[in-house]
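Notes follow the structure.
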Protein chains: 2
Amino acid sequence: MQTISRENYLKAILKLEGRADIVSNQALADKLETKPASVTSMLHKLADEGWVKHEAYKGVQLTGEGKGIALATLRKHRLWEVFLVEKLNFGWDVVHQWAEELEHIGGEELTNRLDAFLGHPAFDPHGDPIPNALGKWKDGRNLVQASQAEPGSVVLIKGVLNSGEEFLQHLNTMHIQLGLQLIVVQRYEFDDGLVLEWPDGRQATISHETAQNLLVEMKQN
Amino acid sequence: MQTISRENYLKAILKLEGRADIVSNQALADKLETKPASVTSMLHKLADEGWVKHEAYKGVQLTGEGKGIALATLRKHRLWEVFLVEKLNFGWDVVHQWAEELEHIGGEELTNRLDAFLGHPAFDPHGDPIPNALGKWKDGRNLVQASQAEPGSVVLIKGVLNSGEEFLQHLNTMHIQLGLQLIVVQRYEFDDGLVLEWPDGRQATISHETAQNLLVEMKQN
DNA sequence: CAATAAATTTAGGTGTGTCTAAAAATATTG
DNA sequence: CAATATTTTTAGACACACCTAAATTTATTG
Ligand SMILES: [Mn+2]
Ligand SMILES: [Mn+2]
Ligand SMILES: [Mn+2]
Ligand SMILES: [Mn+2]
């Protein structure tokens, strides 16, 4: 039975599979803000449904069917985020929680109509690619963490590695947004802070931690 | 705690209060497609929350706070229905179930933005008035059941008393939709069937039951 | 490699919302 | 107005998704 909680678990497993090939109980508990015992219990249910392969004490992996559900949920999440930002004019820092609920509504038909209404967007407001109806996407971008950009280079802000409200609000405060082009002026040896220059000539420094969570496209140098 | 189920109950009570002043357990069970024992159980919870006044064996009534939640939920339901029809081009016969889920998402801020995005619609796709942010609406229309229209009169379709999928699909089949202007040509004495004439001159007959569920504005006669 | 630490699972509970079957209260009617 | 029918409530269960605390298993390390 496809419940909200189960879709959330499958989506979380999908994201964690991106890094490690096998997903640990603990990582899931952290991501879902729940307790390991709850995760174990749910993994049994997901395995019963045939959506994950679970080996006791070893970890989980999505099955083909499980991945399909996870991708469909992720697609809905990101499309609704685009809706909230593009159509209802919300900031990228507040849309995640609503999308977390909206992603569980309706099926393929509703999703495809929403997709068409939004003009088949390729990326969500955080720069994350939106899977198509088949769960596929192509991301021709070659993104790196801003922390890896050398002084003198020009970078284009294209995504974030942390979509949390606090981080995004910090970016708002720093006047950093997707599509912005910045010049990396200097790197402080001591703490790896980066001095950046905005198009209007203003300069400001971002911390190493902030730079690590910023995905950019290298324009020059 | 404001859960999906509790919002559904409050909304159901609100609608049933429209007819009888005190709502019976049975009526609620019917409307919510649940069992009387479940209703009793839920009414206790709603009473504990202070959202209804419940006298054992007598019936329920919304409190001010309960009515507020019910109206907010109804507002969201109808706004999302407008979205689905106006923006995603769904038919009025299929949007109810999705709205039944969407109505539980987000709060005032999201709702007000949606309202603005839709251009502050006064009525939903079924001709039902949409409460404003304060739960109020003004319905200047003077609607009657089509079954009460006399032969020779001209009527404007403005609403339905039954928003069920089957009835709405039947109206689709009959080419009856909101805003349509029809001439009542004749009433059959035997079964109160109504012969109607469409703007293109075509004529067709609708049953008394169908006419009873159609709300119209009298244009002439 | 045995002792310790960390991760995972099991056992036993809780709250929400539902159900069926039985008891209690209210309505209806001969 | 007493007998019967209907409505409502209570009692006892169940599924879902959580939790804490206590095993159990796996990993680490002296
Ligand atoms: Mn979610
Ligand atoms: Mn996103
Ligand atoms: Mn609902
Ligand atoms: Mn409606």
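- Summarising the local packing, CG of B:D48 is surrounded by more than 12 heavy atoms from other residues, nucleotides or ligands at distances under 6.0 Å.
- Annotation: A:Q148, atom CD; neighbour count of heavy atoms from other residues, nucleotides and ligands within 6.0 Å is above 12.
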When every nucleotide of nucleotides 8-19 of chain D is labelled 5' to 3' by its protein contacts under 4.0 Å (heavy atoms), B for base, S for sugar-phosphate only, - for none, what sequence of letters results?
-> BBB-----SBSB
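- Identified under the salt bridge (Lys or Arg N to Asp or Glu O under 4.0 Å) test for residues 16-25 of chain B, with sequence neighbours left out: none.
- For residues 65-78 of chain A, the salt bridge (Lys or Arg N to Asp or Glu O under 4.0 Å) pairs, not counting sequence neighbours, are A:R75-A:D115, A:R78-A:D124.
- No side-chain donor from either of A:E165 and A:H96 sits under 3.5 Å from a side-chain acceptor of the other.
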Validation: residues 35-43 of chain A side-chain donor-acceptor distances under 3.5 Å, sequence neighbours left out:
unit_1, atom_1, unit_2, atom_2, d
A:T40, OG1, A:N25, ND2, 3.3
A:T40, OG1, A:P36, O, 3.2

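- We find that CG of B:L46 is positioned 12 Å from C1' of C:dT16, with the value rounded to whole Å.
- A:N8 and A:H104 are linked by a side-chain donor-acceptor pair at a separation below 3.5 angstrom, with hydrogens and angles left out of the test.
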Distances under 3.5 Å between protein N/O atoms and the N/O atoms of nucleotides 2-5 of chain D, please, pair by pair.
none

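- By the side-chain hydrogen bond (donor to acceptor under 3.5 Å, both in side chains) test, B:H175 is found to be paired with no residue, residues two or more places apart in sequence or in another chain being considered.
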